[in-house]
Amino acid sequence: MEVKAKIAPSMLSSDFANLASETQRMLNSGADWLHMDIMVLHFVPNLTIGAPVIESLRKHTTAYLDCHLMVTNPIDYVEPLGKAGASGFTFHVETSKDNWQELIQRIKSLGMRPGVALKPGTPIGDVYPLVEAEAPVEMVLVMTVEPGFGGQKFMPEMMDKVRILRKKYPSLDIEVDGGLGPSTIEMAASAGANCIVAGSSVFGAPEPAEVISLLRNSVQKAQQKC
Ligand code: DX5
Ligand code: ZN
């Protein structure tokens, strides 16, 4: 079964002082989603954006805002982000062992699409209950670097997790995040990833549209082979 390719430039690599025009530039270059990394200095040692920025950005675009919450208390962000106009809300399984059911339910009730992310050291089995729940997550984000910063090296050993997930859940959205670009996309695409986050490889390219199209073609080609 084929799941749609979604290419999501990570706005962490954009010029934050020109976020609205940067998002438009990515959409004009063929982006499907805009990946928004939310970091607040606990869980990861970096500080980026929160609901006020999403709210401002929403006034400039109707695009799908794929929010990746690298925070220890994601439940506190559900209402502010929902009201701000976030589209996807992906929380980390490591932070949500005790309250993921409530989290998913609240995310959905605010009209967002729930996803779960896992760090490189977290076993893939930790997300199975969330995918198989009565009210399940609709996407699994497999981190292919340690979360926190753009521009890190892709971890090919994470592809085992993607392969296992794709075999188990043929129609699940599987996102990969960290170090994706022309030299690593084949590995992710052939393992079964269909949602591709790419920061430095897209923003660092002279022609982002070419990289976005290359990423999409790789996913589509890999799907035709199965
Ligand atoms: C890292 C973030 C990523 C990051 C990816 O913690 O979750 O979204 O921006 O950047 P690149 O593609 O440069 O590795
Ligand atoms: Zn991310």
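Indexing begins at 1, ligand by ligand and atom by atom, following the structure's order. Just so it is clear, the model here is predicted, and its values are computed rather than measured.
Thr144 contributes a side-chain N or O that, together with a main-chain N or O of Gly178, makes up a donor-acceptor pair within less than 3.5 Å. Looking at Asn194, its side chain does come within 3.5 Å of a backbone N or O of Ile174 through a donor-acceptor pair. Although no hydrogens or angles enter the test, the distance criterion places a donor-acceptor pair under 3.5 Å between the side chain of Ser21 and the main chain of Asn18. Here the side chain of Arg113 pairs no donor or acceptor atom with the backbone of Asp66 at under 3.5 angstrom. For the pair Lys161 (side chain) and Thr122 (backbone), a donor-acceptor distance under 3.5 Å is present.
For ligand 1, the atoms lying closer than 4.0 Å to a non-hydrogen atom of Ser10 are 4 (C), 8 (O), 9 (O). Heavy-atom contacts of His68 reach the following atoms of ligand 1: 7 (O) (cutoff under 4.0 Å). Residue contact check: Ala198 has heavy atoms under 4.0 Å from atoms 12 (O) of ligand 1. Each of the following atoms of ligand 1 lies closer than 4.0 Å to a heavy atom of Met70: 6 (O), 7 (O). With ligand atoms numbered from 1 in the order given, ligand 1 contributes 8 (O) to contacts under 4.0 Å with heavy atoms of His35. Of all atoms in ligand 1, listed by their number and element, those nearer than 4.0 Å to a heavy atom of Gly178 are 14 (O). Taking every non-hydrogen atom of Pro147 and a distance limit under 4.0 Å, the qualifying atoms of ligand 1 come out as 6 (O). Under a 4.0 Å criterion applied to the non-hydrogen atoms of Val197, ligand 1 contributes the atoms 8 (O).
In terms of protein heavy atoms, atom 10 (O) of ligand 1 is closest to Gly150 CA, 3.5 Å. In this structure, the protein non-hydrogen atom closest to atom 1 (C) of ligand 1 is Phe149 O, 3.5 Å.
At under 3.5 Å, a nitrogen or oxygen of Asp37, whether backbone or side chain, sits near a nitrogen or oxygen of ligand 1. Between Ser200 and ligand 1, an N or O atom pair is found at a separation short of 3.5 Å. Considering backbone and side-chain N/O of Gly179, one or more are found under 3.5 Å from N/O of ligand 1. Polar contact with ligand 1: present for Gly199 (N/O pair, distance under 3.5 Å). Between Gly148 and ligand 1, an N or O atom pair is found at a separation short of 3.5 Å.
The same ILVMFWY cluster, assembled from side-chain heavy atoms under 4.5 Å apart, contains both Met155 and Ile196. Cluster membership check: Val202 does not share its hydrophobic cluster with Val145, using side-chain heavy-atom separations under 4.5 Å among Ile, Leu, Val, Met, Phe, Trp and Tyr.
Closest heavy-atom approach to atom 7 (O) of ligand 1 among the candidates Thr48, Val44, Leu180, Asp177: Asp177.
Ion pair Arg216/Asp32 flagged as a salt bridge, since at least one NZ, NE, NH1 or NH2 atom sits closer than 4.0 Å to an Asp/Glu carboxylate oxygen. For the pair Glu132 and Lys168, the salt-bridge criterion is met [side-chain N within less than 4.0 Å of a carboxylate O].
For Asp37, the N/O/S atom at the shortest distance from the Zn ion (ligand 2) is named OD1. Atom OD2 is the N, O or S atom of Asp177 at the shortest distance from the Zn ion (ligand 2).
Because its NZ or CZ atom is not both nearer than 6.0 Å to the ring centre of Tyr64 and within 45° of the ring axis, Lys6 does not count as a cation-pi partner of that residue.
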Salt bridge (charged side-chain N to carboxylate O under 4.0 Å, His left out) between Glu55 and Arg58, worked out: CA-CA 5 Å; Glu55 189 181 348; Arg58 180 49 83 213; over 6 Å; no

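Our summary of the site lists the angle at the Zn ion (ligand 2) between ND1 of His68 and NE2 of His35 as 100°, to the nearest 10 degrees.
Donor-acceptor pairing under 3.5 Å is lacking for the side chains of Ser10 and Asp177.
In this structure, Ser201 falls outside the shell of residues with a heavy atom less than 4.0 angstrom from ligand 1.
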